[in-house]
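Worksheet for the structure shown next.
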Amino acid sequence: MRLSSAPAVAACLLLGWLNPPVAQALTVAIPPVARAMTAATPPMGWNSWNWFADKVTDQDIRRAADLLVSTGMRDAGYVYVNIDDTWEGERDAAGVIHPNAKFPDMKALADYVHARGLKLGLYSSPGPLTCGNYAGSYGHERQDAATYAAWGIDYLKYDLCSFRDVLDSEHVIDPDERNRRIRAAYATMHEAIEASGRPIVYSLCQYGFDSVWEWGGAVGGNLWRTTGDINPDFDRILVIALTQLGLGRYAGPGHWNDPDMLEVGNGKLSHDENVTHVTLWAMLAAPLLAGNNLTQMTDDVRAILTNRDVIAIDQDALGRPASLVHQEGPLQVWSRPLADGAVAVALLNIGTDRAQVRDLPPRLREAGAPTGAVAQDVWANRSLGVLRTSDTLTVPSHGVILLRLAKP
Ligand code: GLA
């Protein structure tokens with residue numbers, strides 16, 4: 001948790017005029033003012049990249065903001081509207097970054113987004129160029145953070161990209177030294193954000209290299225990508241989800257593992273695959289950043305993205321990601337403890353045929369369910385009561401049954 005030091009500084013200046021004993025007594029009486037934690041729960045919102053990629057414009061962002069409101073997504077928690085790469089224009093003679101012609105007035109866009117109860121996110125790189133070859137923040141970190149703050153930016157995704165070329169050009173070959181330089185580059189932007197005075201969620205994107213989960217928090221990250229890019233393909237989504245296992249202990253309020261943005265509603269993902277994607281991200285306490293075309297969102301996709309009970313698991317205050325507690329062929333049992341003592345259990349079927357889950361009581365005990373717990377089928381929104389030995393649950397191929405198990 002960050003503490004605001006401004007009141008303390010003002011108090012010290014005032015106390016300088018008083019005699020020492022009085023000053024000491026007053027010092028004790030003035031409590032520090034706590035600032036709200038940034039990203040106390042995994043950030044939720046929408047990001048332009050997975051659908052629009054380099055085509056995104058100011059108009060697309062305004063429409064996305066409107067649709068987040070009208071579809072109920074904002075009220076379900078999706079508050080960040082994040083512009084990914086390709087908004088960047090030229091720097092002026094003073095080195096100040098300007099948006100390109102696709103984004104005529106970033107401050108006006110931020111005002112538009114804020115007026116709808118949403119927040120605006122932006123993208124840059126510690127290198128001179130972004131992954132899309134637009135201007136990065138290399139050598140301009142303080143200036144850029146100050147510009148973002150002046151525009152009213154609330155979230156920054158900072159993507160490694162060409163910083164590796166900088167290291168190459170300086171002949172930094174030793175992996176440890178490269179990692180030290182990369183950490184320093186991320187810390188530099190964190191310090192710049194702090195200096196800007198605006199609370200900005202800081203999202204590290206360097207694809208999970210160098211076990212970023214071990215040091216992402218230390219350089220100021222509120223979240224860090226743990227993987228290369230996602231795409232709307234079930235196998236890819238599954239590989240990413242499975243490679244998050246074991247990383248749970250590095251996540252918690254204010255600092256999250258980021259298995260990349262959602263592909264729900266993109267490509268040819270089936271209903272069950274979309275449900276599984278959101279379930280796994282919720283079990284992992286992952287950021288929920290939708291990446292679909294909101295202008296063509298089906299009711300089915302909207303319902304999947306806005307399921308309040310699933311979102312409540314993702315956003316659970318304990319912030320403890322799931323672990324895999326059991327595997328039998330294509331069936332996996334994932335378990336996540338929740339703040340109120342309940343347990344979320346996902347019965348996941350990664351196979352191509354349905355999976356029948358029998359002998360439930362010992363499996364649920366193994367998953368940490370409280371004794372005598374009543375099971376809520378979260379996606380079906382119905383109580384299954386206390387599951388017994390004679391009960392069987394059928395999980396469709398590439399599908400999942402998500403249970404919330406709580407004492408009655
Ligand atoms: C990288 C990131 C993506 C996206 C693109 C933009 O590939 O991993 O999420 O931001 O850059 O160029």
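In each ligand, atom 1 is the first atom listed, and ligand 1 is the first ligand listed.
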Which of these passes side-chain hydrogen bond (donor to acceptor under 3.5 Å, both in side chains) with K102: D54, T86, D58?
T86
Report the nearest protein non-hydrogen atom to atom 7 (O) of ligand 1: residue, atom name, distance rounded to 0.1 Å.
D229 OD2, 2.8 Å
Ligand 1 atoms nearer than 4.0 angstrom to some heavy atom of K157 are 3 (C), 4 (C), 9 (O), 10 (O)
Would you check if there is a donor-acceptor pair between the side chains of Q376 and S383 at a distance under 3.5 Å?
no
Pair R354 + D272, salt bridge at N-O below 4.0 Å
no
Counting heavy atoms only, which part of C205 comes closer than 4.0 Å to ligand 1: side chain, backbone, both or neither?
side chain
I need the atoms of ligand 1 closer than 4.0 Å to a non-hydrogen atom of D85, numbered in the order shown.
6 (C), 12 (O)
Honestly, for T130 the part within reach of ligand 1 (heavy atoms, under 4.0 Å) is neither
Electrostatic pair R363-E328, nearest N-O below 4.0 angstrom:
yes
Would Y207 count as a polar contact of ligand 1, with the cut-off being nitrogen or oxygen pairs under 3.5 Å?
no
Does R225 qualify as a cation-pi partner of Y207, given the criterion of NZ or CZ under 6.0 Å from the six-membered ring centre and within 45 degrees of its axis?
no
In the protein, what heavy atom is nearest to atom 4 (C) of ligand 1, and what distance, to one decimal place, separates them?
D84 OD1, 3.4 Å
I'd like to know if the side chain of D60 reaches the main chain of T57, judged simply by a donor and an acceptor atom lying under 3.5 Å from each other, with no hydrogens or angles considered.
yes
Side chains of L393 and L384, heavy atoms from C-beta outward: is any pair under 4.5 Å?
yes
Would you say ligand 1 has an N or O under 3.5 Å from any N or O of R225?
yes
Any N/O pair W49/ligand 1 closer than 3.5 Å
no
Near G132 (heavy-atom distance under 4.0 Å), the atoms of ligand 1 are 12 (O)
Answer yes or no: is there an ion pair linking K157 with D85, defined by an N-O contact shorter than 4.0 Å?
no
Among all the protein's non-hydrogen atoms, which is closest to atom 11 (O) of ligand 1, and how far away is it?
D159 OD2, 3.0 Å
